[in-house]
K.L.:
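Take this structure, written in structure tokens, and hold onto it; I'll ask about it next.
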Amino acid sequence: MPLPTPFLDRMKSDLGSEYPDFLAALEQPAPVSIRLNPSKKVNAFGNAEPIPWHPDGRYLSERPVFTLDPVFHAGGYYVQEASSMLIREAVRQTVGLGQNLGVLDLCAAPGGKSTLLLSALGEGSFLVSNEVIQSRISPLKMNLEKWGHSNAAVSNHDPEDFAKLAGYFDVVLVDAPCSGEGLFRKDEDAAGHWSEAAVELCAARQRRILSAAADLVQAGGVLLYSTCTFNAFENENNVQWLSEQGFDFEKLDLPTEWGVAEKKWGYQCYPHRVRGEGFFFAALRKTAEANRPFIKNYVPKEWQRIPFRQQDVFADWISEVADYEFFTKPEGTVVAMPKALEESFFTIGTLLKKRSIGMEIGELKNRSFIPSHTLALANLLNPALPKVNMTKDQALHFLKKENLWEADWQRGWTLATFENLPLGWMKIMENRSNNYLPTNWRIRMDLQP
Ligand code: SAM
């Protein structure tokens with residue numbers, strides 16, 4: 001599809017002598033990249049080229065069929081374009097890596113930046129991954145479940161619904177819906193939806209989102225703003241506006257060889273300078289007064305806390321069982337929650353209606369425990385549980401939800417693993433097995449080429 005003339009005219013005037021290089025880059029195929037999950041021990045992509053600004057980022061020489069890679073299903077990596085991984089650098093330079101912070105990812109689906117944040121933050125951090133569009137919640141949850149962390153809550157709200165959490169978060173990320181100019185090469189439809197009016201609409205919507213987001217940051221905290229577009233209406237103008245609302249623009253120090261263009265109000269990746277897609281990002285520090293509110297929080301009234309003496313049943317399944325609190329819901333679902341984050345989870349649970357808090361690790365039925373798929377993928381899983389390490393072919397058949405069975409497999413609950421990464425549960429019986437992979441997780445495509 002030919003690119004819209006007003007877009008090309010603006011890029012020409014913005015880029016000057018670099019414009020022909022920009023056009024030439026748009027003719028090139030988009031680079032393929034992934035980001036490894038550091039909390040899973042992944043052996044894949046050992047020879048792939050590293051992405052300079054992210055230790056877990058790798059460029060792939062071609063696009064594999066990710067659906068046919070069991071490591072992908074195990075949450076061993078996330079397929080993410082390289083420029084967006086610069087968010088880690090903004091985190092590193094503004095709040096530091098490995099810190100225990102309260103973080104809100106306000107426009108989170110499908111979860112690329114949320115998974116990046118979980119890996120960049122300390123394990124004692126608390127992340128709220130919010131997405132306003134309901135149909136995007138399920139893929140967001142699946143991606144977070146694959147990533148395996150138990151310190152994230154998911155919510156399905158408009159940014160304005162967070163008003164009672166004013167001043168609550170150390171970091172708020174607004175990876176805003178935008179006109180998508182930076183994706184024209186990757187996504188042909190993006191150019192078809194573009195118009196000058198759409199840019200204006202996006203800029204106004206971003207302003208509304210940012211205005212709600214700005215209130216949620218505590219004094220001294222950081223607001224991260226990003227888009228995948230090039231124009232100043234959606235990018236620099238919004239950042240400049242924030243700088244007039246009690247925020248200081250944070251200057252980042254990015255090595256020139258990364259190719260990121262430094263603007264007065266942010267950092268821009270162009271495809272002819274950076275090996276990635278078009279991406280804009282900026283970090284701002286809140287200078288305005290904003291005290292962290294005291295919020296009275298409650299355990300949801302239908303939940304029952306499982307008394308300590310009845311928690312033994314989980315010791316076989318979870319490695320640091322003493323670090324978690326356990327609850328049951330009326331239908332028997334068991335929720336695990338890091339003890340240290342109880343208050344944060346219940347604050348979100350108390351103030352937001354559409355949210356999931358805690359990790360659903362299974363069900364208690366007639367005093368026996370049935371583990372969930374979420375637990376199979378979770379980092380809190382006891383690594384000593386019985387497992388069957390599968391060949392790639394077996395793993396793919398398992399992921400098609402076939403019931404595999406071999407005479408020498410240990411009877412009972414067993415993890416199907418590939419390269420030691422859990423894929424899901426099987427219950428092995430005397431002469432057959434049941435595959436507990438949830439139906440909506442199974443591979444639908446044919447395994448044969
Ligand atoms: N951060 C995500 C990631 O890294 O995978 C991508 C986010 S995408 C650029 C922007 C998201 O904002 C979309 O999921 C979209 O549904 C959501 N969105 C759309 N309108 C919104 C609004 N008015 N307020 C907040 N979010 C909105």
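Indexing begins at 1, ligand by ligand and atom by atom, following the structure's order. Values below: all heavy atoms of this structure, side chains included; hydrogens, waters and symmetry mates excluded.
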K.L.:
Check side chain to side chain contact (heavy atoms under 4.5 Å, CB included) between P338 and all other residues, then give those that pass, not counting sequence neighbours.
P.N.:
S150, Y324, L341, F345
K.L.:
Is it true that, when you exclude E402 itself, more than 12 heavy atoms of the residues, nucleotides or ligands shown sit nearer than 6.0 Å to its CD?
P.N.:
yes
K.L.:
Give the contacting part of A176 toward ligand 1: side chain, backbone, both or neither, where contact means a heavy-atom distance below 4.0 Å.
P.N.:
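Just the backbone.
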K.L.:
Within a reach of under 6.0 Å around NZ of K296, are more than 12 heavy atoms found that belong to other residues, nucleotides or ligands?
P.N.:
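Result for NZ/K296: open.
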K.L.:
Any atoms of ligand 1 less than 4.0 Å from a non-hydrogen atom of C107? List them with their elements.
P.N.:
1 (N), 2 (C), 7 (C), 11 (C), 12 (O), 25 (C), 26 (N)
K.L.:
If you have a sec, work out which protein heavy atom is nearest atom 5 (O) of ligand 1 and how many Å separate them, to one decimal?
P.N.:
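Nearest neighbour among protein heavy atoms for atom 5 (O) of ligand 1, to 0.1 Å: G112 N, 2.8 Å.
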K.L.:
Considering only the protein, which heavy-atom contact is closest to atom 2 (C) of ligand 1, and what is its distance?
P.N.:
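So the nearest neighbour among protein heavy atoms is A109 O, 3.2 Å.
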K.L.:
Taking N or O atoms only and a 3.5 Å limit, does K113 qualify as a polar contact for ligand 1?
P.N.:
yes
K.L.:
Flag Q80 as yes when one of its N or O atoms lies below 3.5 Å from any N or O atom of ligand 1, and as no otherwise.
P.N.:
no
K.L.:
Test your reading of the structure: does G111 have an N or O sitting under 3.5 Å from an N or O of ligand 1?
P.N.:
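Looking only at distances, the answer is yes, because the N/O contact criterion of under 3.5 Å is met.
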K.L.:
Using a 4.0 Å cutoff against the non-hydrogen atoms of D175, which atoms of ligand 1 qualify?
P.N.:
1 (N), 2 (C), 3 (C), 4 (O), 6 (C), 7 (C), 8 (S), 9 (C), 10 (C)
K.L.:
Using the six-membered ring wherever Trp is involved, compare the ring planes of F327 and W303 and label them parallel, tilted or perpendicular (cut-offs 30° and 60°).
P.N.:
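The arrangement is tilted - the two ring planes meet at 30° to 60°.
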K.L.:
At under 4.0 Å between heavy atoms, which part of R205 makes contact with ligand 1: side chain, backbone, both or neither?
P.N.:
side chain
K.L.:
Step through the shown structure and confirm whether more than 12 heavy atoms of other residues, nucleotides or ligands are within 6.0 Å of NZ on K141.
P.N.:
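Open.
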K.L.:
If the cut-off is 4.0 Å to any non-hydrogen atom of P110, which atoms of ligand 1 fall inside it?
P.N.:
5 (O)
K.L.:
Just to verify, what does K329 make a side-chain hydrogen bond (donor to acceptor under 3.5 Å, both in side chains) with, not counting sequence neighbours?
P.N.:
E360
K.L.:
How about W425 and W441: are their ring centres within less than 6.0 Å of each other?
P.N.:
no
K.L.:
Ring centroids only, cut at 6.0 angstrom: are Y267 and F280 within range, meaning strictly under it?
P.N.:
no
K.L.:
What about V132: any of its N or O atoms under 3.5 Å from an N or O on ligand 1?
P.N.:
no
K.L.:
So is R292 actually on top of Y168's ring, under 6.0 Å and inside 45° of the axis?
P.N.:
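The answer is yes, since R292 meets both limits relative to Y168.
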K.L.:
Among A213, P177, C228, which one has a heavy atom closest to atom 19 (C) of ligand 1?
P.N.:
P177
K.L.:
Examine I209 against ligand 1 and note whether any of their N/O atoms are separated by less than 3.5 Å.
P.N.:
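In fact, backbone or side chain, I209 has no N or O that close.
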K.L.:
Can you tell me if NZ on K263 sees more than 12 non-hydrogen neighbours from other groups inside 6.0 Å?
P.N.:
yes
K.L.:
For E131, take its heavy atoms, then give the atoms of ligand 1 lying under 4.0 Å from any of them.
P.N.:
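Going through ligand 1 atom by atom, the ones under 4.0 Å from E131 are 11 (C), 13 (C), 14 (O), 15 (C), 16 (O), 17 (C).
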K.L.:
Report yes if P159 has an N/O atom closer than 3.5 Å to an N/O atom of ligand 1; otherwise report no.
P.N.:
no
